[in-house]
Novice: 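Structure below; questions to follow.
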Protein chains: 2
Amino acid sequence: MVGSKVRLEDRECPLSTALGYVGEWWTLLILHDVFDGYTRFDQFQENLGISTSMLTARLRALVDDGLLEKRPYQQRPVRHEYVLTDLGRSLRPVLVALAAWGNSRLAPEQRSMVLVDAGTRREVEPVLVDAATGRRVDGDGFVFAAGPAASSAFRERYPEAAPGPAGDASGEGRTRVPPRS
Amino acid sequence: MVGSKVRLEDRECPLSTALGYVGEWWTLLILHDVFDGYTRFDQFQENLGISTSMLTARLRALVDDGLLEKRPYQQRPVRHEYVLTDLGRSLRPVLVALAAWGNSRLAPEQRSMVLVDAGTRREVEPVLVDAATGRRVDGDGFVFAAGPAASSAFRERYPEAAPGPAGDASGEGRTRVPPRS
DNA sequence: CAGTATCCTGTCCGATACTG
DNA sequence: CAGTATCGGACAGGATACTG
């Protein structure tokens, strides 16, 4: 993300917000390792081939952002392990969606990793659906719409969302501005 | 990744593969604009506040990668529009998942954009489920497993995926629980 | 083992200027 | 309007060396 933490603006594009957390190249890869049960510095390093300085920086960012928790698992010398917070865990769908797309780009024989049912060990095909109705949201039956904090420009373009509690009529300024450094 | 396109190795982590396409900061933001119906250079520029050189570079990469198609919509002077390819469209779940997570990080009043049912205009909560069974895949009932191309190191760590028959590639119409939109 | 510190390269990215 | 070309800054990221 261009500069670094620019998050928490008044109004923000959710995509920018998300990218502020996981926009860096290594971040999702590290997170994936953690989801797989790895917890330690050298494990990440070996699995990913990332340099020590970068790994240090990324882990720190992850911890600062509240996605990972760093805690000592032994004293003298003090050693830490990195574990997911609830917030970090909530990123799993993103990881899975991205991995699924990546796999779709690879020939089946090239797939090094697939998502399986832990019980049956059968490969699954993850799809996004509306939690309320179960309908797939990839078609054109679903669109993005202006939310409560949409700028007026945004609002012009998009129809309003549902029966708004409509705290609208607020100011403006652009949403969807990329983070400045 | 690091150096840019390093894609198409023999074995590849699907996440790396995906990030090779959409790992750059601006890429997903541009794609989102396209999903919203924008097609032209200046529209992207205005919406995103991206510099011309970067926009040019990103659009070119997107076109080279086959996510966007560039086609002239007028001659003299020749002007182009950028439209999604099928491949580009297939990224929608990733975008939606990421946006949903971003929104979850924002107070409801800060949300500038939400996903709604195009018909009812009611906001939806997208969740990832197994296409075959409809079960949510965010819990621990689903894990990543070694695929056909897993390295030996990877294979040591992960149990294999479903037993060979996996003829799943063949016809066998999977009953998609969720109806098409 | 788990980092920290330093140096260096590549490139992401914006700003500006120019073109058909 | 839709870019191309060039410049320069900031930082991602690797390599190496060092520490407790």
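Throughout, protein chains are lettered first and strands after them, A, B, ... in sequence-line order, and every chain is numbered starting at 1.
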Novice: Would you name the heavy atoms of L115(B) and P126(B) that are closest together and state the gap between them?
Specialist: CD2-CG, 4.3 Å
Novice: Without decimals, in angstroms, what is the distance between L48(B) CG and dA2(D) C1'?
Specialist: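 That distance rounds to 16 Å.
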Novice: Rounded to the nearest Å, what distance is computed from the CG atom of residue L62(A) to the P atom of nucleotide dG3(C)?
Specialist: 13 Å
Novice: In whole angstrom, give the distance that lies between atom CD1 of I50(A) and atom C1' of dA15(D).
Specialist: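 That distance rounds to 14 Å.
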Novice: What does F44(A) touch in the nucleic acid at a heavy-atom separation under 4.0 angstrom: a base, only the sugar-phosphate, or nothing?
Specialist: nothing
Novice: Looking at dC1(C), dA2(D), dG14(C), which one has an atom nearest to any side-chain atom of M54(B)?
Specialist: dG14(C)
Novice: Indicate the atoms forming the closest heavy-atom contact of S112(B) with C13(A), along with that distance.
Specialist: OG-CA, 3.7 Å
Novice: Write out all pairs satisfying ring pair (Phe, Tyr, Trp, His ring centres under 6.0 Å) with one or both partners inside residues 99-135 of chain B, taking only residues at least two apart or from two chains.
Specialist: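 Qualifying pairs, neighbours excluded: Y21(A)-W101(B).
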Novice: Between dA2(C) atom P and Y38(A) atom OH, what is the distance in whole Å?
Specialist: 14 Å
Novice: If you compare every side-chain N and O of H80(A) against the phosphate oxygens of dA2(C) (OP1, OP2), does one of them come in below 4.0 Å?
Specialist: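 No, because none of the side-chain N or O atoms of H80(A) sits under 4.0 Å from OP1 or OP2 of dA2(C).
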Novice: What's the closest nucleotide to the W25(B) side chain, out of dA2(C), dG13(D), dC13(C)?
Specialist: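 Per side-chain heavy atoms of W25(B), the pick is dC13(C).
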Novice: Just to verify, what does R136(B) make a side chain to side chain donor-acceptor pair (under 3.5 Å) with, not counting sequence neighbours?
Specialist: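 If we apply the side chain to side chain donor-acceptor pair (under 3.5 Å) test to R136(B), skipping adjacent residues, the hits are D138(B).
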Novice: Quickly work out the L55(A) CG to dC1(C) P distance and round it to whole Å.
Specialist: 14 Å
Novice: Pairs under 3.5 angstrom, nitrogen or oxygen only, protein versus nucleotides 7-9 of chain C, please.
Specialist:
none

Novice: For residues 41-80 of chain A, pull every pair meeting ring pair (Phe, Tyr, Trp, His ring centres under 6.0 Å), keeping only residues two or more places apart or in separate chains.
Specialist: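 Output for this query is empty, none listed.
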Novice: Are L98(B) and L19(A) close enough that some pair of their side-chain heavy atoms sits under 4.5 Å apart?
Specialist: yes
Novice: Restricting to salt bridge (Lys or Arg N to Asp or Glu O under 4.0 Å), what partner residues turn up for D33(A), sequence neighbours left out?
Specialist: none
Novice: Consider the side chain of K70(B), meaning its heavy atoms from C-beta on, and name the nucleotide among dG14(C), dG3(D), dC1(C) that approaches it most closely.
Specialist: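 It is dG3(D).
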Novice: Measure CD1/I30(B) against P/dC12(C) and give the value in whole Å, please.
Specialist: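 Going from CD1 in I30(B) over to P in dC12(C) covers 13 Å.
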Novice: If I take atom CD in residue E24(B) and atom P in nucleotide dC11(D), what distance separates them, rounded to the nearest angstrom?
Specialist: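 Those two atoms, CD and P, are 17 Å apart.
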Novice: Name the closest nucleotide to the S51(A) side chain, picking from dA15(D), dG14(C), dA12(D).
Specialist: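 Closest nucleotide among those given: dA15(D).
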Novice: Would one find a side-chain N or O of R58(B) under 4.0 angstrom from OP1 or OP2 of dC12(C)?
Specialist: yes
Novice: By nearest atom, which of the nucleotides dT4(D), dC12(C), dA2(D) is closest to the T56(B) side chain?
Specialist: dT4(D)
Novice: Given the rule that a pair is Watson-Crick or G-U wobble with both distances under 3.5 Å, how would you write DNA chain D in dot-bracket, using | for pairs to a different strand?
Specialist: .|||||||||||||||||||
Novice: Find every protein N or O atom lying less than 3.5 Å from an N or O atom of nucleotides 17-20 of chain C, and list the pairs.
Specialist:
unit_1: dG20(C); atom_1: N2; unit_2: R79(B); atom_2: NH2; d: 3.0

Novice: Sequence neighbours left out, what passes side-chain contact (heavy atoms from CB on, under 4.5 Å) with T27(A)? Give chain and number order.
Specialist: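 Once residues adjacent in sequence are excluded, the partners of T27(A) under the side-chain contact (heavy atoms from CB on, under 4.5 Å) criterion are V22(A), E24(A), L31(A), R58(A), L62(A).
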Novice: Looking at Y73(B), I'd like to know whether one of its side-chain N or O atoms comes within less than 4.0 Å of OP1 or OP2 on dA2(D).
Specialist: yes
Novice: With heavy-atom distances below 4.5 Å as the criterion, would you say the side chains of V34(B) and V83(B) are in contact?
Specialist: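 A side-chain contact is absent here, since even the closest heavy-atom pair is not under 4.5 Å.
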Novice: Enumerate the residue pairs fulfilling salt bridge (charged side-chain N to carboxylate O under 4.0 Å, His left out) with a member in residues 88-99 of chain B, sequence neighbours excluded, ordered by first and then second residue.
Specialist: D86(B)-R89(B)
Novice: Can you sort out the partners of S53(B) under side-chain contact (heavy atoms from CB on, under 4.5 Å), two or more places apart, ordered by chain and number?
Specialist: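 S53(B) satisfies side-chain contact (heavy atoms from CB on, under 4.5 Å) with S51(B) only.
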Novice: With sequence neighbours excluded, tell me which residues meet side chain to side chain donor-acceptor pair (under 3.5 Å) with R71(B).
Specialist: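 Once residues adjacent in sequence are excluded, the partners of R71(B) under the side chain to side chain donor-acceptor pair (under 3.5 Å) criterion are E81(B).
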Novice: Taking CD from Q45(A) and C1' from dG14(D), how many angstroms apart are they, rounded to a whole number?
Specialist: 11 Å
Novice: Enumerate the ring pair (Phe, Tyr, Trp, His ring centres under 6.0 Å) contacts for residues 102-137 of chain B, please, sequence neighbours excluded, ordered by first and then second residue.
Specialist: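 Checked against ring pair (Phe, Tyr, Trp, His ring centres under 6.0 Å) - neighbours excluded - no pair reaches residues 102-137 of chain B.
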Novice: What's the closest nucleotide to the F41(A) side chain, out of dA2(C), dA12(D), dG3(D)?
Specialist: dA2(C)
Novice: Quick check on dA2(C): is either OP1 or OP2 less than 4.0 Å from any side-chain nitrogen or oxygen of R40(A)?
Specialist: yes
